[in-house]
Amino acid sequence: MKKVRIWDLPTRLFHWSLAILVFAALVTERIGGNVIDWHFRIGYAILALVFFRLAWGFIGPHYARFANFIFSPATILAYIRGKKSGPRATSYGHNPVGSLSVFALLLVVLAQTASGLFANDDIVNEGPLVHFISKDLSDSATWFHAQIGGNLIYGLIGLHLVAIAFYFFRKKVNLVKPMITGDKQADSQAIEAKDTVGVRITAVIVLLASIGAVYFIVNL
Amino acid sequence: MKKILLALAVCTLSANALSQVPAERAVQYRQSGYYLMGQNLSQLNLMLKGEVPFNKPGAELNADAIVLLGKLMAHAYPAGSTGGESKAKPEVWSEAPKFKQLQLSSQLEAERLQAAVKAGDQQILRVRFGDLSKSCKVCHDQYKAK
């Protein structure tokens with residue numbers, strides 16, 4: 001056994017930034033009034049983070065890549081039934097069930113930010129892309145944003161926390177610590193995630209490009 | 001445009017007369033009123049955000065309109081005036097005293113906004129604007145169907 005880098009720094013920063021910003025989006029929405037301006041800005045930042053993560057899923061280090069944690073339904077079912085055979089035995093990244101959570105969260109957060117761009121509050125605030133669509137369509141986007149998307153996010157976060165607690169108390173595995181330090185105890189053949197200065201610089205460039213893309217979108 | 005003309009036409013009726021008009025007309029009256037209110041809020045908002053240069057007479061007109069429309073809306077929910085396009089929940093009538101109380105507090109916020117426009121301090125005006133939009137939302141959350 002040895003200490004192996006699993007989560008590269010950009011992936012970890014993405015994770016914690018997303019957690020903090022989702023929480024901040026929730027709080028600023030609840031406060032309302034002029035603070036809603038911050039809800040908008042936070043939404044833009046979240047969208048940029050999601051863009052970053054989508055790109056990082058293709059060009060990031062080993063365990064951050066989607067290819068590393070896209071599993072067939074058969075593999076997922078087998079994993080749930082407790083068969084430890086297959087690729088699981090040698091991988092330290094997202095397991096087949098956890099991978100579903102990652103994709104679901106990314107998808108739902110993307111849908112939530114995208115619908116926010118087209119939403120209106122029927123008072124004075126409206127998303128930056130409302131002028132492209134009809135009022136009825138904007139009302140539908142608002143309905144999704146306020147009635148559906150938020151609840152889906154709460155549900156997924158709940159599952160996320162329950163899974164972490166389950167691993168911690170039942171399986172005696174701490175999933176939080178590796179998401180902070182980046183490292184897990186692994187056998188000597190375990191693949192190491194590249195987390196060099198070069199990787200991190202690439203991440204900064206990808207993030208800047210993501211921010212640029214969001215800036216472009218909200219100013220359309 | 002149709003909505004605005006309708007609002008002007010119905011405005012000429014007295015507030016009490018609204019209770020005599022068919023439900024459908026009362027709903028149109030309200031929606032037209034809120035449409036105008038929304039337009040005035042938006043125009044003011046653009047000025048406060050600096051997207052349009054601030055001009056005091058314009059802002060005063062907006063605030064006066066919001067206050068007047070608020071007064072009209074206070075009498076715009078006669079019993080049974082629902083159905084069709086209306087997004088007003090039945091609780092508007094079943095919890096009438098509570099609803100009226102919320103309308104009143106929005107109206108007070110509107111009047112404070114109006115006073116802030118007249119006083120001319122844009123910092124305070126921004127705060128008042130936020131307070132008003134917040135108080136609008138309280139009713140939307142409780143009494144407007146999604």
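By convention in this document, chain letters (A, B, ...) are assigned in the order of the sequence lines, proteins followed by strands, and residues within each chain are numbered from 1.
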Enquirer: Validate the cation-pi geometry between Arg65(A) and Phe58(A): distance from NZ or CZ to the six-membered ring centre under 6.0 Å, angle to the ring axis within 45°.
Expert: no
Enquirer: Under 4.5 Å, heavy atom to heavy atom, which residues of residues 15-40 of chain A contact chain B?
Expert: Glu29(A), Arg30(A), Ile31(A), Gly32(A), Gly33(A), Asn34(A), Asp37(A)
Enquirer: Do Phe14(A) and Phe52(A) come within less than 4.5 Å of each other through their side chains, counting heavy atoms only?
Expert: yes
Enquirer: With the threshold set at 4.0 Å, does a side-chain nitrogen-carboxylate oxygen contact exist between Asp139(A) and Lys135(A)?
Expert: yes
Enquirer: Is it true that Arg200(A) and Asp195(A) have a side-chain N and a carboxylate O under 4.0 angstrom from each other?
Expert: yes
Enquirer: Could you state the interatomic distance from CG (Leu54(A)) to CG (Leu107(A)), rounded to the nearest 0.5 Å?
Expert: 9.5 Å
Enquirer: Counting only heavy atoms not in Gln142(B), do more than 12 sit closer than 6.0 Å to its CD atom?
Expert: yes
Enquirer: Do any of residues 109-124 of chain A have a heavy atom less than 4.5 Å from a heavy atom of chain B, and if so, which, in residue order?
Expert: Asp121(A), Asp122(A), Ile123(A), Val124(A)
Enquirer: For the residue pair Trp7(A) and His94(A), is the inter-centroid distance of their aromatic rings smaller than 6.0 Å?
Expert: yes
Enquirer: Is Asp64(B) salt-bridged to Lys118(B), cutoff N-O under 4.0 Å?
Expert: yes
Enquirer: How far does CG of Leu132(B) sit from CD of Gln114(B), to the nearest 0.5 angstrom?
Expert: 11.5 Å
